[in-house]
Asks: 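If you scroll down you'll find the structure; I have some questions about it.
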Amino acid sequence: MRKNIVAGNWKMNKALEEGNSLASEIVNIVANEVKDDTIVVLNPPYIHLSSVQHLLKDAKQVFLGAQNCNENTSGAYTGEISVDMLKSVGVEYVILGHSERREYYKESNELLAKKVNTVLDNGLIPIFCCGESLKIREAGTHVDFVCNQLTDSLFHLSPEKFEKVVIAYEPIWAIGTGVTASTDQAQEMHAELRKHLASKYGDTIADETTILYGGSCKPDNAKELFANPDVDGGLIGGASLKSRDFVEIVKSF
Ligand code: PGA
């Protein structure tokens, strides 16, 4: 079912105590100020998952997410984290294919297809990121490029599996740059993605898919972005590191 979701991607920020304070502040403000039907996902670094999970225990609408996972379920993969480990500390969502992972760690569409399978097969929800670089947008091939990312990493899924996936469209030129996609640019791309999903899975499933926008989403532009018919929430980087900013975004539906 299509949901309103705001996910905070903390990336490689916050030491343990800072992370705990941020999480508890968010939990408290959300409980007092946020509509019940909005879902909030906190994605701290792996090392804080367990302690943040304890802080989310009584929070009805705040869930725990990871920023990545390994495509294998166990074994000799030094430094990696499996889905079982994530589940054992209460993780329910996993961000996959963030542009930073694609760029710095060379994660390909093929590898991401494997990660998507591992996450879904183990009952977790992937937040699958896609998005184009400035060069691709300037060349005018952004729609095809992003649709291909979905085709290559998701279209092998059965409709039953696909229905569980959350998509995050994040133009790379907007991530951490302070340049946000205009509402028209976001709506145009989200509508194109939904059309592409419909070509594979039909109108009903496409219409039910949650598609988030990410890239310099802030308290002062979230309302306008979320008001678009095809934008169902956001994946928030920088602004998720301050509780008040983050919750103001969560309240922007
Ligand atoms: P930003 O990051 O909000 O800091 O632009 C978004 C993201 O990378 O998910």
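Each ligand, and each atom within it, is numbered from 1 in the order the structure gives.
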Asks: Within ligand 1, which atoms have a heavy atom of Gly176 less than 4.0 Å away?
Replies: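 Listed by number with element, the hits are 1 (P), 4 (O), 5 (O).
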
Asks: Just so I know, are the side chains of Val231 and Phe253 near enough to count as touching, which here means a heavy-atom distance under 4.5 Å?
Replies: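 In short, these two side chains do not touch, never coming nearer than 4.5 Å.
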
Asks: Would you kindly specify which portion of Ser99 sits under 4.0 Å from ligand 1, judged on non-hydrogen atoms: side chain, backbone, both or neither?
Replies: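 For Ser99, there is no contact with ligand 1 at all, from either part.
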
Asks: Considering only heavy atoms, which of His98, Gln67, Glu100, Lys218 lies nearest to atom 8 (O) of ligand 1?
Replies: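 Residue with the shortest heavy-atom distance to the ligand atom: His98.
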
Asks: Start with the C-alpha gap between Tyr169 and His142, add the side-chain angles, then the distance that decides, and say whether ring-ring contact (aromatic ring centres under 6.0 Å, His included) holds.
Replies: CA-CA 12 Å; Tyr169 168 61; His142 46 290; 8.7 Å; no

Asks: If we ignore hydrogens and angles and just use 3.5 Å, is the side chain of Thr180 paired with the main-chain N or O of Ser216 as donor and acceptor?
Replies: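 Looks like yes, one N/O pair under 3.5 Å.
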
Asks: Near Ala174, which atoms of ligand 1 are under 4.0 Å from a heavy atom of that residue?
Replies: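 Once the distances to Ala174 are compared, the set is 5 (O).
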
Asks: Of all the non-hydrogen atoms in the protein, which one sits nearest to atom 4 (O) of ligand 1, and at what distance?
Replies: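 Of every protein heavy atom, Gly238 N, 2.8 Å lies nearest to atom 4 (O) of ligand 1.
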
Asks: Give me the residue, atom name and distance of the protein heavy atom closest to atom 3 (O) of ligand 1.
Replies: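 Its nearest protein heavy-atom neighbour is Gly237 N, 2.9 Å.
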
Asks: Should Asn109 and Gln149 be marked as a side chain to side chain donor-acceptor pair (under 3.5 Å) after you check the CA-CA gap, both sets of side-chain angles, and the distance that decides it?
Replies: CA-CA 6 Å; Asn109 289 346; Gln149 290 181 318; 4.8 Å; no

Asks: Looking at atom 9 (O) of ligand 1, what's its closest protein heavy atom, distance included?
Replies: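 I find the closest protein heavy atom is Glu170 OE2, 2.7 Å.
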
Asks: At a 4.0 Å threshold, what atoms of ligand 1 neighbour a non-hydrogen atom of Lys11?
Replies: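 Matching atoms, with element in brackets: 2 (O), 7 (C), 8 (O).
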
Asks: Need the ligand 1 atom indices (1-based, order shown) with element for anything under 4.0 Å from a heavy-atom of Gly215.
Replies: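 Numbered from 1, ligand 1 contributes 5 (O).
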
Asks: Counting only heavy atoms, which portion of Asn9 has something under 4.0 Å from ligand 1: side chain, backbone, both, or neither?
Replies: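 The answer is the side chain of Asn9.
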
